[in-house]
Structure formats: C-alpha cells, structure tokens
Amino acid sequence: MLHRNLIGQRLLALFLLGWLLFNFPLLALFAGASDWLGVPAVWLYLFAAWLLLIVLMACVAERTQERPSRQAWAGEDFQSGAGGVPVAPDTRE
Amino acid sequence: MLQGWAIGFLSLAYLGLLFAIAFYGDRRASAGTSIIASPYVYALSLGVYATTWTFYGSVGRAAVSGIGFLPIYLGPTLMAALWWIVLRKMIRISKANRITSIADFIASRYGKSALLGGLVTLGAVIGVVPYIALQLKAVSSSLAVLSRHSGALPGQAIWSDTALYLALLLAAFTILFGTRHLDASERHEGMVAAIAFESLVKLLSFLAVGIYVGFVMYDGLPDLFRQARAHASLAPLMSLDGAMAGGGFANWTALIVLSMLSILCLPRQFQIAVVENVDEAHVARAIWMLPLYLLVINIFVLPIAMAGKMHFSGAQSDADMFILMLPLQGNQAALALLVFVGGLSAATGMIIVETIALSTMLCNDVVMPVLLRARRLRLDQRADLSGLLLNVRRGAILLLMLLGYAYSRLAGEAYALVAIGLISFAAVAQFAPAMLGGMFWKNGTRAGALAGLCSGFILWAYTLLLPSFAQSGWLPSGFIANGPLGIGWLRPRQLLGLEGLDQISHGLFWSMLANLGCYVGVSLWSRQGAAEKAQALVFVDAYTRGRADIGASLWRGRASGDALLSLLRRFLGAARAEQAYMRFMRERPSGPLPAGDADLVRFAEIELAGAIGAASAHAMVASVVDEEPLGPDEVLAILDETSQVIAYSRQLETKSRELEEASAELREANMQLKELDRMKDDFLSTVTHELRTPLTSIRAFSEILRDNPGLASEKRSEYLDIVIKESERLTRLINDVLDLAKIEAGRAEWNSEKLDLREVIDAAVKATARIFEDKRIDVDVDLPAQAATVLADRDRLMQVMLNLLSNAAKFCAPGSGRIDVGLREQDGWLRVVVRDNGPGVLAQDREIIFEKFRQGGDTLTGKPPGTGLGLPISRRIIAHFGGSLWLEDAAGPGAQFVFALPRAANGDDA
C-alpha cells in the first residue's frame with residue numbers, strides 16, 4: 001500500500017521536473033545558444049530532456065508490475081535473518 | 001503525374017483494410033479472445049491524439065515558429081506523469097457507474113443533471129466540429145497536392161469535392177463499427193484495433209519521410225541544419241526566437257497547459273483512454289509509451305520544415321503540405337503515396353473516434369432527455385426502444401460528419417490548420433475545472449459547474465470563435481481591430497486592453513479565469529442537493545468506498561422487479577436485459593427479492609446509464625418506482641451514518657489488532673507458566689528424592705541398631721556416626737530448600753549494610769581453613785590494599801563465599817590442590833574470583849550447574865557430594881545485591897567462578 005502511494009508521488013515529482021525543464025527560466029538558458037553537435041542547441045536540448053523524462057517515467061511506472069515478487073523476496077530474507085541472529089549473552093563486568 | 005483513379009483506389013483499399021481489422025477485432029471480442037487486451041494496443045490507440053493537425057500541421061507551424069509546435073506534445077507528456085493519479089481514478093469512477101462520455105461524467109458527478117450534460121455536449125460539438133472540418137480539409141488538400149490540382153476548393157462544384165465523399169465514406173464506416181449494437185459499456189473493440197493500427201501507419205510514414213528528407217535529400221541532420229544556416233530568414237526558426245515571437249514564454253506555457261487539459265478533456269481521448277480501457281493496469285505502460293510515441297513522431301518535424309522552406313521559398317506554397325511536396329519534388333511517388341496514407345490514417349482515426357464519442361453524447365445527453373420529456377406518452381407505448389437509440393446515434397454520426405464538411409467548405413482557407421486546432425483545444429479545456437474539481441473536491445456544486453462552464457464558453461466564444469468568424473468574413477472586419485460597435489476595451493483579442501499575449505493565450509487566460517472563478521466561487525456560496533452530495537462522495541472517494549454503499553443507502557422507496565425489468569427490456573432489448581437481470585439476481589447476496597429494493601434500483605439505473613446516460617437513466621427509473629424523497633437533513637444523517645460505520649469498522653480493526661497482540665502475549669505467558677509448573681514439579685520430585693536418600697539410610701541403620709542389641713560397640717558407634725551424618729545432611733538440605741524457597745518467594749530477610757568485601761573473604765577463608773588443611777590444599781588470597789565496600793548482607797555474602805570455597809575444595813585433588821582467591825576493582829564493579837585446579841566444568845554443563853539439584857559431571861558414574869542447591873542459591877543472593885555470578889573460561893585446567901558486585905558510593909568511610 002505504502003509503495004503504491006509512492007508511485008503517484010514519484011510521478012508527481014517527475015511532472016514537476018518536466019515542468020521545470022520545459023519552461024522559463026531553464027529553457028531561456030538556450031535562447032542565445034547556437035549549435036551543438038551540428039544541430040540547433042534548443043532543439044537538441046528539448047528532445048534530450050523529453051527523452052530523459054520519458055525514461056524516468058518508464059522506470060517508475062514499470063515498477064508497478066514487479067512489485068509482488070519483490071515483496072515476496074524481502075519477506076523471505078527477513079525470516080531467515082531473524083532466525084540466524086544468536087541471542088546475546090548476558091554477561092556483565 | 002499520379003492518376004486520380006489510382007489514388008482513389010488506394011484510399012478505398014486502405015479503408016477496406018481498416019474495415020477488415022475492425023471486423024476481425026469485433027469477431028475476436030465476441031469470441032471472448034480480445035486482441036486489444038494489451039497495454040501496447042492501449043498506448044497505441046491513445047495515439048489518436050496525433051491527427052492531421054500533427055501530421056501536416058506541425059510542419060506548417062514549425063515553418064513559421066520553429067520549435068513553437070512542441071508545447072502541444074510536451075503538455076501531454078507532463079499530463080501523462082499525472083495519469084497515475086488522475087486517469088486511473090477517472091477509469092475507476094466510469095467503470096463503477098457505467099459512464100460512457102465526458103458529458104455523462106460531468107452530469108453524473110453533479111447529481112445526474114441533464115442540463116449539465118446537455119451543456120457539455122453542446123460545447124463539445126461547437127468546439128470539435130471545426131476540428132473535424134480541419135481533418136477533412138487536410139485530406140482534400142493533400143489529395144489536391146497529389147493530383148497537382150490547385151488547392152482552391154471553394155470554387156469547385158460540390159459533386160466533385162473529395163472531402164464530401166470522404167465524409168460520407170467515414171460516416172458509413174463509423175456507423176458500421178460504432179453502432180452495430182447497443183453495448184452497455186459503449187465499448188468498440190474492433191474500432192480500437194483499427195485505431196491502434198492507424199497510429200502505427202502514421203508513425204511509420206512520418207518517419208519514412210523524415211529519413212528520406214534527412215538522409216537522402218541531405219547528408220544527415222547536421223548537414224541539413226548547416227545549409228539552413230545559410231538562409232538568414234531561417235535563423236529564428238532554429239533558436240527560441242521563432243517560438244517566442246507571438247507572446248514570449250507566457251504563450252509557450254499557455255500552450256503547454258492547454259494541451260495538458262486537452263488530452264484529458266477531448267471527447268475522443270476520453271473515449272479511448274477511459275471508455276475503451278480494458279484494464280486499469282494498462283495505464284502504467286501508457287504513461288511512458290504515449291509520450292515516447294509523440295517524441296518519435298515529432299523528431300523530424302523541424303528538419304522537414306527547414307527543408308521545405310529551402311526548397312519552396314515561393315510565397316504561395318502551403319507549409320502544411322511540405323511533407324507531401326518534398327517527396328513529390330524528388331519524384332518519389334511511392335513515398336508520397338505512403339505519406340498520403342499516413343495523413344489519411346491520422347484523419348480517419350480522429351474522425352471515427354470523435355464522432356462516436358460525440359454521437360454518444362448527443363444521443364444520451366441531448367436527444368434522449370428531450371424525446372423522453374416531450375413525447376413521453378408515445379415512447380411509453382413502444383416495447384423496444386433499443387432500435388430507436390441506435391438510429392439516433394447513426395443519425396448523429398451522419399449529422400456531425402456533414403456539419404464538419406459544411407464547416408470546412410464555409411470556413412475555407414481562412415485559417416491554417418493549427419489555429420483551428422488550438423481554438424478547439426481551448427473549447428474542450430473548459431471542461432477541466434468541472435471535471436477535475438468534481439473528482440478531487442467534494443464541495444463542487446451543480447450551480448458552480450454550470451456557472452463555470454457557461455462563463456468559460458461565453459468568453460471562449462467571444463475571444464476565440466467570433467474573431468475566427470470575423471477573419472473568415474462572416475462578421476465585420478472592424479470587430480477584431482476596433483471592438484464591437486467601436487468600443488475599444490471590448491476588442492476580442494485585447495479584452496479590457498490586455499495586450500502582449502497572442503490570441504490563444506489571451507483567450508485561454510480570460511476563459512479559464514472566468515471558468516475557474518465562477519466554479520469555485522459559486523460552489524462555495526451554494527448548497528448541494530441530496531443527490532449531488534451522494535454523487536460527490538461516489539466520485540471523490542472512488543478508491544476508498546465500496547461502489548454501492550452510498551448510492552444504495554441513499555435510496556428509499558418501493559419498486560417492483562417486473563417494472564424495472566420491463567424498463568430494461570425496452571432500452572437494452574429483451575435478450576440483453578434478461579441476461580443482465582439474471583446475472584444481477586445470481587450475484588445478489590440474499591435469496592428472495594423483497595419488493596422495493598435499493599440494490600435493484602441501483603442496478604437498473606447503472607445498466608440503463610450505459611445505454612442512455614446517467615441523467616436520462618435516473619429520470620426513467622424514477623418514473624417506474626415510488627421513491628420517497630429524502631430531505632437534505634436525512635441525507636446528511638445517512639451519510640453521517642455511513643461515515644460512522646466506516647469509523648466504527650476502523651475502530652474495530654484497531655481493537656482486533658490489539659486483541660491479537662494481547663492474545664499472543666497471553667500465549668507466551670501461558671507457555672512460561674507451563675514451563676514454571678513443570679519446573680516446580682521437577683523440583684518437588686527431586687527434593688523428595690534427595691530427602692528420601694538420607695532418610696532411608698538413617699532408617700536402615702536405626703533398624704540394624706534396634707534389631708541387633710548385641711552389636712560390637714565400634715560397629716555401633718560407626719553406624720550411629722552414619723545416622724548423625726545423614727541427619728546433618730538432611731538438616732542442611734532442608735535448610736537449603738527453605739532458604740531457596742524464601743529467596744524465590746521474596747520473603748528472605750536481608751540486612752543490607754556497608755561492609756568491606758576484603759574482610760568477608762578473609763573470614764570465609766579462615767572458616768574453611770580446616771577443610772583445606774585436611775585435604776592439604778594450598779590457598780592463595782590476593783586482596784587489594786584499599787577497602788572494597790559493598791552494600792550487602794554479611795551473612796549472605798559469607799554463605800556465597802563459603803559455598804564457592806567448599807565447592808572448589810570439593811573438586812581439588814588432595815595433596816596437589818590449589819585455590820586462588822582474588823579481589824579486583826574494575827569500572828565501579830568489585831570482582832571476586834575463586835579459582836581451583838580441579839577437573840573443571842564441561843562446556844555443556846556451564847549453565848546447568850546453576851540450576852537446582854543439577855550438578856556437573858556424569859550423573860550415572862556418581863554424584864559429587866553436596867545438595868546441588870549451593871550455586872543456585874549463591875547466584876540468587878548475588879543477583880539480589882545487584883550483581884551477577886558466572887563461570888569464566890579459566891586459563892589452564894580448573895574452574896573459575898566469578899561474581900561481581902557494584903561498588904558502594906562512599907566506600908572509603910567503611
């Protein structure tokens with residue numbers, strides 16, 4: 001449940017990131033730039049930022065599919081860990 | 001160069017292919033093996049967002065404003081990030097309430113208001129018909145370019161107008177696949193499959209042209225841009241200057257906001273994203289796949305615009321058609337045809353989905369309410385209305401198509417494609433406050449939504465629609481420049497003298513300001529009716545509440561199952577109605593149906609809502625049942641009850657969790673108790689056993705003495721010695737047991753005082769000196785010079801020391817034995833060590849020897865002397881004084897017992 005809520009919040013954070021990347025004032029940094037790698041800098045910047053945002057969104061959104069199996073593993077780890085911890089000896093000096 | 005008949009044949013063949021795909025999709029759907037139940041198909045079908053406006057118009061816009069075409073695609077990308085929160089909730093609400101259009105969504109939210117539904121439908125039709133016109137116009141222009149005709153359509157005779165034939169053809173297609181039967185959830189699987197296929201076609205054909213232009217006509221994109229740099233007029237298009245020419249960053253941001261709202265509110269997007277959605281989980285993949293689709297289809301827009309500008313510098317060339325003219329210029333007829341098919345895909349996809357969505361809205365939210373009201377008597381007599389419903393929809397589709405065609409002929413060449421598209425976007429964006437507000441804000445009222453929508457539409461029409469009419473020459477041209485009747489501050493593009501924004505940002509600003517302001521303002525100062533309040537909760541709490549609890553709990557009255565069933569029959573057809581009714585009866589929890597049942601009424605209303613819309617369904621159901629109207633106070637009481645029930649169930653949950661924890665604790669305590677009980681039993685049996693051994697020998701020797709009076713006197717005294725020794729042992733044992741019992745019960749008497757540990761050790765060693773001498777054991781005592789003060793009972797401490805010393809002596813071999821007694825201070829603790837050089841204690845016995853009656857060594861081969869209680873008692877005594885007693889690893893052979901006691905504060909005084 002907690003994990004699910006976080007997906008919404010992560011995507012909300014990506015929305016804010018995209019809003020920043022695609023708007024004044026960050027976009028204005030490229031107003032004066034000419035060419036990068038032979039293509040207009042602002043064109044390259046917009047498409048690169050766009051692609052970055054899509055990759056990040058994919059990473060977050062695709063997590064929703066894997067969730068159940070991940071949780072199962074974590075549960076097993078927890079149990080074996082608890083069993084393996086020795087009881088601390090009660091010595092006092 | 002390209003024959004007209006060949007193009008016509010290709011177009012027909014392509015539509016035939018779409019037809020085949022749609023047919024196959026529908027067949028698979030009715031066979032139960034859906035081909036659209038895939039997140040990829042869902043994401044692709046959402047690509048219906050990219051219309052001819054993208055396909056042809058983006059290039060045209062890029063030729064004027066450089067990257068200014070991009071915000072229209074960045075906005076949906078940003079909105080996609082919010083889909084997880086917004087779209088999933090829309091889907092959840094719509095599925096639970098059988099909502100089939102955006103008009104239905106808004107009407108249903110505000111108390112199933114027919115007025116709101118009609119208003120939204122009207123706004124959507126006015127806003128979207130020009131958009132349909134734009135698609136038809138784009139296809140006919142592309143045909144004109146292909147066949148090398150001049151693009152002057154208005155002068156042509158109507159029967160030779162390709163747009164008309166296209167409109168009629170598409171109407172036929174849409175009617176075939178959009179209204180084949182009345183589906184309760186308004187889903188059209190075949191149509192969705194065809195749309196997804198079209199998305200692929202337009203993407204591939206755009207990429208093909210892009211690659212041709214970028215890598216065949218030019219030597220890669222850097223080469224293209226380098227050549228473009230040579231033209232001074234193209235420089236603004238390659239920086240931000242072109243995009244910012246109209247209104248700067250405000251314009252840019254306005255376009256992003258506008259497209260964000262459009263992708264949620266466009267009727268066709270609502271249809272594909274919400275109504276046609278198969279599985280809510282598909283949203284997760286669409287979140288990144290639709291933006292990726294938009295990115296890929298836009299990569300080559302600017303390069304193509306640049307190349308077009310360089311090749312066709314003539315003023316009369318239409319930049320919208322660059323994508324088609326470039327391959328033609330290079331004599332690439334096949335590529336040009338592919339582009340044409342891509343454009344046709346973009347147009348037909350949009351038109352099909354949009355007309356289906358709008359026809360549903362027109363039928364459910366405009367025509368049916370009017371028909372049901374105006375001609376109720378006649379309609380009541382008709383047994384089956386499902387055919388009528390379908391025909392209304394078919395008529396609506398045809399009407400919309402013809403409206404679009406008429407608009408495209410009338411509006412003619414007044415505007416480039418993009419401007420029409422943006423005006424449409426601004427119209428549907430007016431739905432956003434009422435829709436989003438309704439999903440996340442419980443207090444939005446019907447009056448607020450009506451006020452917001454009306455004011456938003458009026459300002460939209462005034463600032464955007466009327467000026468476009470004026471530009472087309474239907475209104476006096478002075479309307480734009482001087483304002484109506486020459487009133488300057490009423491100029492539609494500089495309302496109240498607001499300048500510095502381009503017309504879209506300007507119109508969006510005023511209409512949204514009025515819309516949002518009225519929606520929030522009127523909502524805050526008006527009251528919700530009973531039905532509104534219930535619907536507000538159903539929408540806003542879609543995730544947390546069960547779907548039926550509120551709706552059902554808010555209905556009180558009597559209804560007969562037969563009347564409701566016959567109502568369903570009339571609208572859904574007999575077979576479907578009975579099927580749905582049987583399913584409902586099967587899934588009901590209780591057996592026989594009590595007359596007048598809220599669940600049944602709700603079921604019928606939702607089933608009907610799928611067919612005729614929420615508002616009409618509510619009106620129809622209300623006409624056959626006797627509903628007892630609930631006053632607002634009663635509604636509040638019921639809602640309070642519902643929330644109280646929820647609160648109670650939460651409390652109950654907490655209680656049961658606490659109970660579970662308590663019972664776990666109890667179980668543990670019980671186990672401890674059982675263990676203690678067992679230990680007590682063991683203790684008792686051991687004690688009796690230990691007591692019986694000396695008693696038996698005392699009794700045996702006493703009997704010998706009694707039965708043999710003539711026993712030799714030394715034998716006699718030997719036996720008497722044994723009797724005395726065994727009695728002493730018995731006494732010692734009983735003393736120890738009593739002692740232990742007292743300590744354990746906490747009834748022992750302790751006289752704590754400050755005493756010097758050195759003196760206690762000294763006394764203990766002296767008291768045991770006899771034993772050591774008897775066994776010839778060396779005792780080495782190592783005590784510090786300064787006083788070692790502790791707070792303890794002297795006798796008890798003495799008991800511990802004696803115990804340890806005698807224990808050590810017991811295990812030392814006579815003659816070679818050696819015992820070291822040491823006292824050390826360490827970190828505020830006084831450590832006393834008693835070490836012997838006997839056999840030592842086996843590792844597994846280390847803790848056992850501190851248990852009662854348990855002694856080290858093998859019990860089978862013989863027991864060492866002693867009661868087995870000395871060490872347990874000693875440990876308890878030391879623990880009582882706040883210290884501990886344990887067995888330490890000794891260096892070398894032997895056992896090393898250590899106890900530590902806290903040092904008393906003012907030790908030097910004692």
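All chains are named by letter (A, B, ...) in the order of the sequence lines, taking the proteins before the strands, and each is independently numbered beginning at 1. Everything numeric in this text was worked out from a predicted model, so none of it was measured.
Proximity to chain B (any heavy atom under 4.5 Å) is shown, for A:Ala13, by neither the backbone nor the side chain. Using a 4.5 Å cut-off between heavy atoms, B:Pro303 touches chain A through its side chain atoms alone. Only the side chain of A:Leu46 comes within contact range of chain B, judged by heavy atoms closer than 4.5 Å. For B:Leu295, the parts lying under 4.5 angstrom from a heavy atom of chain A are both the backbone and the side chain. When heavy atoms are compared at a cutoff of 4.5 Å, B:Ile67 approaches chain A solely by way of its side chain, counted from C-beta outward. For chain A, the nearby part of B:Met260 is the side chain; its heavy atoms alone come within less than 4.5 Å. Contact annotation for B:Val257: only side-chain heavy atoms (C-beta onward) come within less than 4.5 Å of a heavy atom of chain A. Proximity to chain A (any heavy atom under 4.5 Å) is shown, for B:Ala80, by both the backbone and the side chain. Heavy-atom distances place no part of A:Leu17 under 4.5 Å from chain B, backbone and side chain included.
Residue with the most contacts toward chain A among B:Leu302, B:Ile85, B:Leu82: B:Leu82 (heavy-atom pairs, distance under 4.5 Å). The residue among B:Leu70, B:Val283, B:Leu224 with the most heavy atom pairs within less than 4.5 Å of chain A is B:Leu70. No other option in A:Leu51, A:Leu56, A:Leu27, A:Leu53 has as many heavy-atom pairs under 4.5 Å with chain B as A:Leu27.
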Item to complete: Carefully, step by step, assess B:Phe225 and A:Trp43 under the rule ring pair (Phe, Tyr, Trp, His ring centres under 6.0 Å).
Response: CA-CA 11 Å; B:Phe225 282 115; A:Trp43 184 78; 5.5 Å; yes

Practice prompt. Quick one: do B:Tyr73 and B:Thr54 satisfy side-chain hydrogen bond (donor to acceptor under 3.5 Å, both in side chains)? Show the steps, please.
Written response: CA-CA 9 Å; B:Tyr73 308 95; B:Thr54 300; 2.8 Å; yes

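Few gaps surround CG on B:Asp223; more than 12 heavy atoms of other groups in view lie less than 6.0 Å from it. Environment of CZ in B:Arg824: sparse, with no more than 12 heavy atoms of neighbouring residues, nucleotides or ligands closer than 6.0 Å. Heavy-atom contacts from other residues, nucleotides or ligands closer than 6.0 Å to NZ of B:Lys89 number more than 12.
Ionic pairing of B:Glu825 and B:Arg831 is not present here: no N-O contact between side-chain nitrogen and carboxylate oxygen is shorter than 4.0 angstrom.
Below 30°, between 30° and 60°, or above 60°: for B:Tyr42 and B:His282 the angle between ring planes is between 30° and 60°, a tilted geometry.
Side chains of B:Arg285 and B:Tyr40: a donor on one and an acceptor on the other come within 3.5 Å.
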